Amino acid sequence: MKKLWKVWFSKRRHIYMEIARKYRSTPWKVYHLGHGGRGKTPKDMKILEELQQRGIISYIYPW
């Protein structure tokens, strides 16, 4: 429930939701990856690359 509130009240909520729709994931997963989560699947890595292109994260940590 805590993640829900963090995503819902985030300034970048619309970006997380847009990326989640694009890659058929959840906004909570995108939020987690954008705040230090590690990518474990190829889909996660694509989401991380998208976040990096949009300037939300600066570095992608390798698997």
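Source: prediction; values computed, not measured.
- Taking each heavy atom of L33 and L48 in turn, the nearest pair found is O-CD2, 3.5 Å.
- Between S10 atom OG and H35 atom NE2 the span is 6.0 Å, to the nearest 0.5 Å.
- One distance of note links CZ of R12 with OH of Y31; it measures 10.0 Å at 0.5 Å rounding.
- Checked against side chain to side chain contact (heavy atoms under 4.5 Å, CB included), Q52 has the following partners two or more places apart in sequence or in another chain: I57, I60.
- Under a 4.0 Å N-O distance rule, the pair K29/D44 qualifies as a salt bridge.
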Pairs under 3.5 angstrom only: tabulate donor-acceptor contacts from the side chains of residues 16-24 to other protein residues two or more places apart or in another chain.
| from | atom 1 | to | atom 2 | distance (Å) |
| --- | --- | --- | --- | --- |
| E18 | OE2 | R54 | NH2 | 2.8 |
| K22 | NZ | E50 | OE1 | 3.1 |
| Y23 | OH | E50 | OE1 | 3.2 |

